Amino acid sequence: MRKMRTQSAPWRAAAVLASVLLVGGVAACGNSDTGGGGSKDDGKITMGFSQVGAESGWRTANTTSIKDAAAAAGIELKFDDAQQKQENQIKAIRNYIQQKVDVIAFSPVVESGWDTVLKEAKDADIPVILTDRSVDSADKSLYKTFLGSDFVKEGRLAGEWLVEQKKTASGPVNIVELQGNTGAAPANDRKKGFAEAIAANPNLKVIASQPGDFTRAGGKQVMEQFLKANPKIDVLFAHNDDMGLGALEAITAAGKVPGKDITIITVDAVKDGMQALADGKFNFIAECSPLLGPQLMDLAKKVHAGEQVAPRIETEETTFTQAQAKEALPNRKY
């Protein structure tokens, strides 16, 4: 009996070892299958999205559009709010790379300084889509496409409207400009487009231009400074509605009538801005639609499938006068 037990011990040990190896092999296969992005497991696309922040009504509408569209498209969304800081966005993108998401999308806080992290995403074979704002990377292979507005065109449309309104002006027309955050694509491009357009009339002069960071508080604070430093201001060009709405408070507090004493031109056409235009407090708005979600999700599916997409995809937008704002307001989605 002792001999039989001695012979069976190695057999039992071998059987246990074989079982351990089999289980270990299955576990290893399981880890391999689930190590990638969401689509490797259940066919579902996982998108990592880094948002600029929540600085304006436009940005809030943009975030809502992206979240709603992801849910409707069956895309798992990992969302991060960068709070207006580039370092937060870079950290978020690196986290998405480590998580092996299927697609990364983000709206860059500023234009410069992205090459290193975009190269990391490319090396990890994760396609990147830029939304709303672009980057100035010379290597266009670092991202698949840009989805958003033509900011230069928006600034140009604002300037062309002003040129037409002031074509009979016989003397100087003093303009102040509320810029978006320093280094941001919409701030750079809207400024450029506006300057190009008003160059057609030498009477139109920008006498002060300063960042208001796309916020109402920033717009109010900078406009207060403009009013103190410049006794004669004829026109305000604000790079977004929120800064224009903040400037309204400063203009009113200074005893002036917005829309009459000072012509106000803005960009975005969010509901509060459109209401100010309908009320005659703003004079003209160049639209910049925040409803990019459905287009973004469609692009995510295409790039994930390896399809070729256009390097730049623009959103369809328009402009509004007071009468047009009154007509559009009842059905405005944002």
Side-chain angles (χ1 to χ4, degrees), residues 52 55-56 58-59 62 106-114 129-140 142-166 173 175-202 204-214 219 235-244 263-270 273 277 282-292 295-296 299 309-321:
V52 171
E55 75 283 359
S56 63
W58 191 99
R59 190 63 57 188
N62 180 240
F106 75 111
S107 182
V109 174
V110 294
E111 287 188 288
S112 300
W114 300 102
I129 300 172
L130 305 178
T131 72
D132 172 43
R133 300 180 178 187
S134 62
V135 298
D136 62 6
S137 299
D139 184 357
K140 304 302 180 185
L142 295 177
Y143 56 92
K144 293 295 183 181
T145 186
F146 163 77
L147 168 65
S149 304
D150 184 337
F151 300 132
V152 175
K153 181 180 177 181
E154 291 167 355
R156 189 181 299 122
L157 288 169
E160 288 172 352
W161 179 85
L162 182 61
V163 168
E164 177 63 23
Q165 294 299 305
K166 300 296 182 181
V173 176
I175 305 165
V176 294
E177 182 178 30
L178 284 168
Q179 302 173 35
N181 1 7
T182 302
N188 294 342
D189 292 352
R190 287 169 186 164
K191 182 178 179 66
K192 177 183 178 183
F194 186 75
E196 289 174 353
I198 66 171
N201 185 340
L204 303 180
K205 299 288 187 183
V206 177
I207 60 171
S209 182
Q210 188 173 320
D213 298 330
F214 288 125
V235 178
L236 163 65
F237 172 46
H239 286 189
N240 78 339
D241 290 341
D242 278 75
M243 289 190 295
T263 298
I264 300 177
I265 306 167
T266 67
V267 180
D268 273 355
V270 298
L277 180 57
F282 284 180
N283 302 87
F284 184 79
I285 299 178
E287 185 181 35
C288 180
S289 175
L291 306 181
L292 306 183
Q295 284 180 282
L296 175 59
L299 283 171
V309 295
R312 183 181 179 94
I313 299 169
E314 291 182 12
T315 50
E316 293 185 6
E317 295 159 344
T318 187
T319 59
F320 293 95
T321 60

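Starting from 1, each residue takes its place in the sequence as its number. Treat the numbers as computed from the prediction; the structure is a model and nothing was measured.
The distance from atom CD of Gln295 to atom OG1 of Thr315, rounded to the nearest 0.5 Å, is 6.5 Å. Rounding to the nearest 0.5 angstrom, the gap separating the CD atom in Glu160 from the CD1 atom in Ile198 is 12.0 Å. Atom OG in Ser149 sits 6.5 Å away from atom CG in Leu292 (nearest 0.5 Å). Thr182 contributes atom OG1, which lies 9.0 Å from atom CD of Gln210 (distance to the nearest 0.5 angstrom). Rounding to the nearest 0.5 angstrom, the gap separating the CG atom in Asn240 from the CG atom in Asn181 is 9.5 Å. Within the model, atoms NZ of Lys191 and CG of Asp189 stand 12.5 Å from one another, a figure rounded to the nearest 0.5 Å.
What you find for Phe282 and Ile285 is that their closest heavy atoms are CD1-CD1, 4.0 Å. Summarising the geometry of Ser107 relative to Asp132, their closest heavy-atom pair is OG-OD2, 3.2 Å, with the distance given to 0.1 Å. In plain terms, the two heavy atoms of Gly180 and His239 that are nearest each other are N-ND1, 3.2 Å. A pairwise comparison of heavy atoms in Gly183 and Asn188 identifies O-ND2, 3.7 Å as the closest pair. Scanning both residues, Phe320 and Leu277, for their nearest heavy atoms gives O-CD2, 3.4 Å. The two residues Glu317 and Cys288 have their closest heavy-atom pair at OE2-CA, 3.3 Å.
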**Study point:** Arg59 and Asp242: CA distance, side-chain angles, deciding distance, side chain to side chain contact (heavy atoms under 4.5 Å, CB included) verdict
**Key:** CA-CA 10 Å; Arg59 190 63 57 188; Asp242 278 75; over 6 Å; no

Review point. Run the side chain to side chain contact (heavy atoms under 4.5 Å, CB included) check on Val152 and Glu196 step by step: do they pass?
Key: CA-CA 9 Å; Val152 175; Glu196 289 174 353; 4.2 Å; yes

Check your understanding: side chain to side chain contact (heavy atoms under 4.5 Å, CB included) between Leu130 and Phe106: does it pass, once the steps are laid out?
Key -> CA-CA 5 Å; Leu130 305 178; Phe106 75 111; 3.5 Å; yes

Check your understanding: Stepwise, does the side chain to side chain contact (heavy atoms under 4.5 Å, CB included) test hold for Val206 with Phe194?
Key -> CA-CA 10 Å; Val206 177; Phe194 186 75; 4.2 Å; yes

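Of the charged side-chain nitrogens involved, none lies within less than 4.0 Å of a carboxylate oxygen, so that Arg156 and Asp150 do not count as a salt-bridged pair.
Between the side chain of Glu177 and the backbone N or O of Ser209, no donor-acceptor pair lies under 3.5 Å. For the pair Asn283 (side chain) and Ile264 (backbone), a donor-acceptor distance under 3.5 Å is present. With hydrogens and angles ignored, the 3.5 Å screen pairs a side-chain donor or acceptor of Arg133 with a backbone N or O of Val109. Under the 3.5 Å distance criterion, the side-chain polar atoms of Trp58 are left unmatched by any main-chain donor or acceptor of Phe214. Under a 3.5 Å cut-off, the side chain of Asp241 and the backbone N or O of Val270 do form a donor-acceptor pair. In this structure, the side chain of Thr266 does not engage the main chain of Ala238 through any donor-acceptor pair within 3.5 Å.
Checked against Phe284 for a side chain to side chain contact (heavy atoms under 4.5 Å, CB included), the options Thr319, Thr263, Val267, Leu162 give a single hit: Thr319.
No more than 12 heavy atoms of other residues, nucleotides or ligands lie within 6.0 Å of NZ in Lys192, so this atom counts as exposed by the packing criterion.
For Glu316 and Ser289, the side-chain atoms include no donor-acceptor pair closer than 3.5 Å.
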